[in-house]
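I have placed the structure first, in the form of C-alpha cells, so that the comments after it can refer back to it.
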Amino acid sequence: MKIHKYVSGLFTAASLLSLSPLSAQFTITNPLTTRDMTGIKVGDNAYLTAATGADPNGAGWLRLTEAKANQKGYMYVLQGFPTTLGVIADFEYKDWRNVNDGYNGADGFTVYLFDATVTDANFKLGGYGGSLGYATYSNPANTTGLSGGYLGVGLDAYGNYANSGENRNGSAPAATLTSGMLPNAFILRGPTSSTYTSSNVYLASAPLGDRSGTVDNIRQRNEIDYNTITATRPADNIFYRRVQVIITKPGNDYVVTIKWRKENQTTFTQVLSYTLSSATYPIPSNLKLGFAASTGGGFNFQEIRNIILTTPGNLRVDSRSDSYFTCNDNTSTISFKVEVSNDTDAALSSIDFTGKITDENNNVLDTSKFSVSSISTTGFTNSNIPPSGFTSNNISGTVGLTARSSGIITVTGKYYKKGIGNNRNFRMVSNVSSTQITDTDVTNNTAITAIEVRRCSVLSNPMLPAYSK
C-alpha cells in the first residue's frame with residue numbers, strides 16, 4: 001500500500017496497487033481550506049479564498065465564482081481513480097450572495113466526472129450560462145460539452161440546466177418545468193460525444209422542496225442556494241449542504257444515487273436514483289472529478305470544500321472539527337465529529353472504533369496537554385463507548401449501524417495553555433473495523449483531523465497591549 005499524508009490536512013491520497021481485485025481501492029481527500037494548490041487544477045475566476053486572504057488559512061473554501069455578473073470558474077482533482085468498485089464523491093458547498101442580484105441567485109454549478117485519459121492540455125469545459133460548464137452551448141455555435149465528460153450533475157439554482165435552451169441536448173418533462181425551467185433541482189446529463197447533437201443528453205432530475213407558485217417563488221426558497229442577503233457566509237447552522245454522488249454496479253448497469261444533508265441534520269436524504277445502461281454509457285476505467293460554476297445577470301458566491309473520493313460498499317470513517325486552530329496562549333475547548341458509515345447491505349452490531357489524540361508525530365498526548373472530557377453518539381443502533389471519565393487520550397469501544405447508514409461520534413476535550421509549541425498541531429486519529437464483514441477497501445478506515453496551534457498574542461513592547469498575530 002502506498003499512503004501519502006500531509007497531516008496538516010492539505011491533501012491526503014491512499015491507494016492499493018496490486019494485481020488482485022482489491023487494486024481498485026482508493027481514497028482521495030482534499031479539504032480546500034488552505035492556500036495550498038497541491039493536487040488540483042484551478043481555472044478562470046475560481047480561486048482558494050485562503051490564498052487571497054478572503055478567509056484565514058485553514059478556514060477557506062474553493063470559490064468557483066464571486067457574487068458578480070458573468071463569471072465562470074472550475075477546478076478538478078489531478079489524480080484519477082479506478083471505477084472497478086464504483087465511486088463515492090462527497091463534498092460540502094455554500095451558495096450565497098451579499099447583494100441583491102434581481103434574479104434570486106444564479107446560475108448554479110456542476111460536479112462532473114470525466115475520463116482520466118484527458119490531459120491537462122486537452123481539457124476544455126462545456127458551455128457556461130445554463131450549461132453550467134458541462135453541457136453543450138450555442139454561443140459560440142457548436143460548443144461541445146466538457147472534454148471526456150461522463151456525468152455532469154447539475155445543482156441548478158436558476159433553472160436552465162434541465163431544458164434544451166442554448167442547444168442543450170434534451171429536456172426534463174414539460175410537466176416538471178415551471179415557465180420552461182427547473183430551478184432548485186439536481187439534474188443529470190450524460191457523456192460528451194464527438195457528435196454535437198448527441199452530446200450530454202438530459203438523463204434525469206430531482207426538483208427540490210415546495211414547487212408551488214411562480215418560477216421566482218421557487219427560486220426564492222432555500223434549497224440549492226441561500227436566499228437571504230448576508231454580508232458574510234452563512235454559518236452551518238443557518239445554511240449547510242453536503243452532497244454525495246454515488247456510482248455503483250449492482251448488476252449489468254450502473255446506478256447513480258444522489259444524497260444530501262442540510263443544516264441541523266445528522267443523516268443523508270436520498271434525492272435521486274438513476275440507472276445508466278452500461279451498453280449505452282460504458283464507464284471509463286479511470287475517472288477524474290471536477291466542479292464548474294457560472295453566473296450571468298444573476299449571481300452567487302459558489303463555494304466547495306472537504307472533497308472525499310472513495311469506493312462504496314464498505315465500512316469507512318471521516319472526521320472534522322469546527323475549529324481549525326487554537327491559541328497556545330489560552331486553554332480552549334475543541335470538538336471533533338467522527339462519522340462512521342456502514343455502506344454495506346448488512347446490519348453491523350459490532351464495529352470496532354479506536355480514537356486517539358496525538359501530536360504531529362503520532363505520539364498520544366499527555367492529559368496535561370489535552371484531555372477528553374466527553375463523548376456523545378448519535379445515529380447508532382448501539383454504542384459502548386464510555387461517555388466520560390477518561391484517564392488518557394486513547395478511546396476505544398464498539399458501535400452498531402443498520403445497513404447503508406451512518407452515525408456520528410462527537411469527542412470534546414480541552415487543549416491546555418502552552419500544551420505544545422507554537423506553529424505545530426495535534427490530531428484526532430480515528431479508525432474503524434469489523435470482523436462481521438470482509439471490507440473491500442481499507443484505505444478509508446482511518447481519518448485524521450489536525451488542529452493547528454498558534455501563538456495568538458505577541459507582546460511587541462512591554463508598554464504596549466498585546467495584539468493578534
Side-chain angles (χ1 to χ4, degrees), residues 32-33 44-56 59-75 91-111 128-133 154-162 178-187 207-243 260-265 271 291-306 322 324:
L32 303 171
T33 56
D44 291 326
N45 296 121
Y47 62 93
L48 295 175
T49 60
T52 65
D55 286 307
W61 294 74
L62 167 73
R63 181 169 286 172
L64 293 167
T65 66
E66 294 191 336
K68 296 178 180 178
N70 303 313
Q71 289 218 324
K72 58 182 180 179
Y74 73 90
M75 182 278 290
F91 62 94
E92 296 173 342
Y93 80 87
K94 299 278 187 181
D95 213 329
W96 60 285
R97 56 194 175 276
N98 56 359
V99 293
N100 186 355
D101 67 342
Y103 289 83
N104 299 306
D107 271 270
F109 68 94
T110 50
V111 49
Y128 282 95
S131 294
L132 305 183
L155 287 81
D156 196 351
Y158 191 72
N160 276 320
Y161 190 65
T178 302
S179 300
M181 298 182 180
L182 194 65
N184 274 333
F186 283 92
I187 301 102
L208 303 168
D210 181 0
R211 310 303 295 184
S212 63
T214 67
V215 70
D216 280 336
N217 293 148
I218 298 172
R219 288 182 184 131
Q220 290 169 13
R221 296 170 185 138
N222 294 341
E223 293 294 343
I224 293 296
D225 62 344
Y226 183 64
N227 287 286
T228 299
I229 306 305
T230 174
T232 58
R233 182 184 296 113
D236 284 353
N237 64 331
I238 301 299
F239 181 84
Y240 174 82
R241 297 292 184 268
R242 181 175 169 186
V243 177
W260 77 344
R261 180 189 294 173
K262 301 166 73 172
E263 63 273 1
N264 305 315
Q265 295 179 347
V271 295
F291 297 86
S294 58
T295 69
F299 46 76
N300 279 323
F301 291 108
Q302 301 182 96
E303 302 173 326
I304 308 293
R305 75 174 179 184
N306 288 329
D322 292 336
Y324 60 94

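Quantities reported herein were computed from a predicted structural model and do not represent experimental measurements. Quick note: residue numbers are just sequence positions, from 1.
In terms of modelled atom types and a separation under 3.5 Å, the side chain of Ser294 and the main chain of Gly129 share a donor-acceptor contact. In this structure, Thr33 contributes its side chain and Trp61 its backbone to no donor-acceptor pair below 3.5 Å. A donor-acceptor pair under 3.5 Å is absent between the side-chain atoms of Asp210 and the main chain of Arg221, judged by distance alone. For Asn222 (side chain) and Tyr226 (main-chain N/O), no donor-acceptor pair under 3.5 Å exists by modelled atom type.
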request  = Step by step, work out the side chain to side chain contact (heavy atoms under 4.5 Å, CB included) result for Val243 and Val111.
outcome  = CA-CA 10 Å; Val243 177; Val111 49; 5.8 Å; no
ask   = Could you walk me through whether Leu62 and Arg305 pass the side chain to side chain contact (heavy atoms under 4.5 Å, CB included) check?
value = CA-CA 6 Å; Leu62 167 73; Arg305 75 174 179 184; over 6 Å; no
task = Would you sort out whether Thr214 and Thr178 count as a side chain to side chain contact (heavy atoms under 4.5 Å, CB included), showing the intermediate values?
result = CA-CA 7 Å; Thr214 67; Thr178 302; 5.7 Å; no
request  = Run the numbers on Asp236 and Glu263 for side chain to side chain contact (heavy atoms under 4.5 Å, CB included), then give the verdict.
outcome  = CA-CA 6 Å; Asp236 284 353; Glu263 63 273 1; over 6 Å; no
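A distance below 6.0 Å separates the ring centres of Phe186 and Trp260. Two rings, from Phe109 and Tyr93, have their centers less than 6.0 Å apart.
Asn300 pairs in a side-chain hydrogen bond (donor to acceptor under 3.5 Å, both in side chains) with only one of the listed residues (Asn227, Asp95, Thr65), which is Asp95. Checking Ile304, Leu32, Leu48 one by one against Met75, the side-chain contact (heavy atoms from CB on, under 4.5 Å) holds for a single residue, Leu32.
Inter-residue side-chain proximity for Asp55 and Arg233 is flagged as met; some heavy-atom pair is nearer than 4.5 Å. At a threshold of 4.5 Å between non-hydrogen side-chain atoms, the residues Lys262 and Arg241 count as touching. In this structure, Gln302 and Asp107 have side chains that are not in contact, with every pair of non-hydrogen atoms separated by 4.5 Å or more.
For Glu66, the salt bridge (Lys or Arg N to Asp or Glu O under 4.0 Å) partners at least two apart in sequence or on another chain are Lys68. Partners of Asp44 according to the salt bridge (Lys or Arg N to Asp or Glu O under 4.0 Å) rule, which considers only residues two or more places apart in sequence or in another chain, do not exist here. The salt bridge (Lys or Arg N to Asp or Glu O under 4.0 Å) test applied to Asp216 returns Arg219, not counting sequence neighbours.
Between the side chains of Trp96 and Glu303, at least one donor N or O sits under 3.5 Å from an acceptor N or O.
Atom CZ of Phe91 has more than 12 heavy atoms from other residues, nucleotides or ligands within 6.0 Å.
Heavy atoms only, all atoms of each residue included: Pro56 and Ala50 are closest at O-CB, 3.9 Å.
Interatomic distance, CG of Leu132 versus CD1 of Ile187, reported as 7.5 Å (0.5 Å rounding). The distance from atom CZ of Phe301 to atom OG1 of Thr232, rounded to the nearest 0.5 Å, is 10.5 Å.
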